[in-house]
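I have placed the structure first, in the form of structure tokens, so that the comments after it can refer back to it.
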Amino acid sequence: MKHKKRIPAVLACVLTAGLLLSACGGSPKSDSSSTKGPGSSTDAPADARAEKVAIEVMRVGWNTTTQMPKEQDNFVKKTLDEKLNIDLKMTLTSSADEFIQKLNIRAAGSDLPDVILFNGRNEFQEYVKKNILLDLEPYKEKLKPAADAIGDNVYSRVEVNGKHYAISLNPQSNWNLFWVRKDWLDKLQLPVPETLDEVFEVAKAFTDQDPDGNNKKDTFGITGSLGTLVHLINLQHGVADALYIKDGKMVNGMFEPEMKEALAYTQKVLNSGVVDPEIASNKGDNAKDKAFQGKAGIIISDWTQIMKDNEVEKWKGANPDAEFLMLNKLQGPKANILAAMDKSSVSGIVAISRQAAQDETKLNRIFDLINYTASGEGSELVQFGQEGVHFTKENGKPVITDRSAEAAFTWVYQLAGRPEAEYLSTKFAKQIDYIQASEQVEVLDTYNGFVVFPQNYNAADADRFKNEEMLKFQYGKTKLEQYDSFLEKLNTTFKYQIFQDSAMKQLQELGYAE
Amino acid sequence: MVSHGNERYFDYFINILLILLAVISVFPLLYVFAVSITPYSEVLRNGGFVLIPRRITFEAYKALFGMDAIPRAFLVTSFVTVMNTLINLVLTVLMAYTLSRKHLVGRSFFIFLIVFTMMFGGGLIPTYLVVKGTGLLNTIWAMIIPGAMSTWNVLVVKTFFESLPEELFESGRIDGAGEFTVLLRLALPLSIPVLMTIGLFCVVGSWNTFFSAVYYITDPGLNPLQVIIRGLLLSSEQMEYNADIVLPTTTLQMASVVAASLPVIVVYPFVQKHLTKGMLIGAVKG
């Protein structure tokens with residue numbers, strides 16, 4: 001039995017290989033001796049590119065992730081690589097969840113990208129706590145061009161415990177406002193609403209008076225998301241679920257008497273049958289689709305969702321007579337405010353990993369990159385594309401050409417933000433009226449973003465409780481008389497009082513509150 | 001005695017029930033398909049709901065395949081699917097056959113080792129470190145090698161091999177066959193159903209490759225289909241509206257869903273008869 005003796009050996013070999021694989025490998029062969037940069041692991045640099053520095057930037061790219069051109073067609077990368085002598089790699093994720101998932105794993109594997117663009121303040125603060133982001137204090141001189149382009153509060157908006165770990169990008173202000181079907185107003189011979197009450201009167205007419213003329217009662221007044229509707233009603237009562245200044249004093253809107261009035265108003269509106277019955281569960285495009293389909297006459301949205309060329313094409317295609325009118329001025333029962341923005345709000349937080357800073361040359365190139373995209377030709381490149389192809393200059397001002405759609409992806413390279421007003425008026429020249437009109441909106445300044453949550457306060461739990469209970473008030477499931485006892489429970493059981501006290505103290509220290 | 005009439009009514013009842021069930025199952029697919037071939041304005045005019053399109057257009061598909069990312073992603077996913085399935089089958093068969101031989105020295109020890117991996121895994125981050133340490137990070141193999149073998153499949157195939165009559169193998173050996181010949185000439189031809197079954201699991205699993213790509217791949221050129229499709233579907237779900245982003249239309253989203261699921265739907269009928277046989281493995285002990 002010769003065979004029998006050989007078999008175990010063969011089997012054992014196969015087994016060993018198999019075991020390793022099924023267990024996802026044993027201990028890896030360590031290559032820790034080489035400290036190669038993360039992006040460069042696959043394409044070993046040839047001699048000619050030896051001095052080129054590989055830089056990896058990671059950010060959320062939304063669906064632009066799927067629209068990136070092939071590397072040979074990517075003129076932004078080519079130009080940046082050439083000008084700055086780098087090999088730039090953009091790592092884009094298609095959602096914020098995916099971004100943080102990917103980043104967490106890479107952080108655990110100490111394989112962070114060189115530049116990280118956070119969208120959320122909380123995630124950024126988490127990473128500061130992990131001590132893997134570079135303190136920018138010693139490098140402020142080098143980042144000066146970018147900081148100048150962004151503005152005075154470039155660091156202060158994202159300060160953590162008095163330290164500056166990131167530059168912040170200026171916020172975008174696309175307010176959610178009421179948009180009314182102008183053609184329906186005309187058909188029912190109604191005037192353009194000027195007060196909040198009138199908005200809901202119009203909504204009632206849209207619900208009852210068959211504005212689409214199909215002899216069926218198949219329309220309703222308002223759609224959007226419940227959050228934005230409640231927010232607008234609150235603001236029109238001069239209150240917001242936030243920290244803001246009222247009569248020279250910092251207050252929390254939850255504790256203001258106007259909050260109860262706003263809640264009563266919301267109850268009335270939600271029970272009057274003019275609001276999309278699915279408003280509390282509308283997601284993403286749902287509400288917009290309803291408005292575009294002609295099911296609802298008023299939608300709460302921002303100009304980008306209604307007036308961008310491809311959106312106009314959608315609703316014009318469904319109904320050529322449709323016309324949307326933006327209400328950028330509205331008198332509410334207590335105030336004429338239509339938007340709230342946090343004083344600290346930003347559109348992005350750009351941090352550099354400490355790992356990247358170990359290599360002096362690399363760090364300098366990263367600064368070069370951020371500075372280059374902050375102003376001048378670099379800024380124009382990441383805003384509009386190539387001069388002469390995607391935009392031309394008229395009297396020194398950029399004007400986009402009909403090939404500008406090919407440059408739709410360039411925004412992912414905006415690492416120092418962009419001059420927003422100029423950018424929008426160039427890129428969306430047709431929509432300029434709406435952009436300017438939405439800039440005239442009365443805005444309430446809020447201050448929540450400056451507050452770092454106190455240690456023994458569980459924000460997630462408190463918020464969940466708060467939102468659930470508020471929903472019951474909004475729909476009238478809980479009587480308003482119980483609002484005070486709800487606040488009491490929020491303050492004690494969910495320790496909202498601790499947050500409130502700490503917030504006031506912090507804002508005092510920062511000089512925002514007295 | 002049950003009367004014939006009653007029995008017939010009962011049959012009708014069951015048939016109607018099954019037809020209803022079939023309709024319910026087909027309905028969403030039909031909806032997705034119908035929306036994907038209807039002009040978007042038509043979809044909006046119909047309140048977002050279309051089952052039988054009046055006008056047909058393949059614009060959405062044209063747009064879909066006109067995107068750089070889609071054909072590339074199809075290639076990546078196809079490669080991953082083919083390689084993954086091949087590697088999986090070869091390794092699983094070798095491992096399972098070995099473990100199914102009762103005279104293997106330390107057999108129960110090896111079985112314990114692989115079963116152990118079913119209950120305890122290293123977790124995400126250690127796995128990431130292994131993938132990184134082996135240099136697989138950001139290569140197409142990162143989507144293939146870490147899942148090159150499934151313990152569960154090994155056990156299924158092992159059980160199947162064990163159920164084959166030992167006498168058959170003995171007769172083979174008497175005729176002078178070595179262990180490999182026994183495996184290739186005797187065991188494998190008898191195991192087509194089980195191989196088809198786990199092969200199909202593999203094909204479907206690797207066609208849906210998603211997480212390994214999210215974790216291990218940063219090069220956009222290596223993104224598999226499902227990652228791209230998710231990007232298309234998600235963008236309208238939960239983004240902070242950014243003036244620069246052009247949202248895909250529902251029709252485009254639906255077209256992407258159809259394009260991504262069609263290959264698997266096409267493969268299924270061919271494998272199905274083997275699948276039902278394969279499902280019975282281990283169900284009846286003979």
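Just so it is clear: chains get the letters A, B, ... in the order the sequence lines come, proteins before strands, and each one is counted from 1. What's counted below: heavy atoms across the whole structure, side chains too, no hydrogens, waters or symmetry copies.
With a threshold of 4.5 angstrom between heavy atoms, A:Lys314 approaches chain B through its backbone and through its side chain. Contacts of B:Leu124 with chain A are made by side-chain atoms alone, with heavy-atom separations under 4.5 Å and no backbone atom involved. Contact annotation for B:Thr250: only side-chain heavy atoms (C-beta onward) come within less than 4.5 Å of a heavy atom of chain A. Of the two parts of A:Gln101, only the side chain, counted from C-beta on, holds a non-hydrogen atom closer than 4.5 Å to a non-hydrogen atom of chain B. Heavy atoms of A:Phe409 lying under 4.5 Å from chain B are absent altogether. Only the side chain of A:Glu311 comes within less than 4.5 Å of a heavy atom in chain B; its backbone stays farther off. The contact between B:Ile217 and chain A is made entirely by backbone atoms, counting heavy-atom distances below 4.5 Å. Only the backbone of B:Ala213 comes within less than 4.5 Å of a heavy atom in chain A; its side chain stays farther off.
Identified by a heavy-atom distance below 4.5 Å to chain A, the contributing residues of residues 59-67 of chain B are B:Met67, in residue-number order.
For the pair A:Asp87 and A:Lys77, the salt-bridge criterion is met [side-chain N within less than 4.0 Å of a carboxylate O]. Between A:Lys89 and A:Glu71 there is no salt bridge, since none of the side-chain N atoms of the basic residue sits less than 4.0 Å from a carboxylate O of the acidic one. Look at A:Glu98 and B:Arg230 and you find a salt bridge, because one of the NZ, NE, NH1 or NH2 atoms lies within 4.0 Å of a carboxylate O, short of that distance. Note on A:Asp309 versus A:Lys430: salt bridge recorded, some NZ/NE/NH1/NH2 to OD/OE distance being below 4.0 Å.
Aromatic ring pairs are classed by plane angle as parallel below 30°, tilted from 30° to 60° and perpendicular above 60°; the pair B:Trp152 and B:Phe201 is tilted.
Side-chain atoms of A:Trp175 come within 3.5 Å of backbone N or O of A:Ser438 as a donor-acceptor pair. Judged purely by atom type and a 3.5 angstrom limit, A:Lys316 uses its side chain to pair as donor or acceptor with the backbone of A:Ala322.
Contact count versus chain B (heavy atoms, under 4.5 Å) is highest, among A:Thr91, A:Ile105, A:Leu424, for A:Ile105.
Between A:Phe292 and A:Gln305, every side-chain heavy-atom pair lies at or beyond the 4.5 Å cut-off. When side chains are defined from C-beta on, A:Lys288 does not count as touching A:Trp315, because their heavy atoms never get closer than 4.5 Å.
Residues satisfying the salt bridge (Lys or Arg N to Asp or Glu O under 4.0 Å) criterion with A:Asp289, sequence neighbours excluded, are absent altogether.
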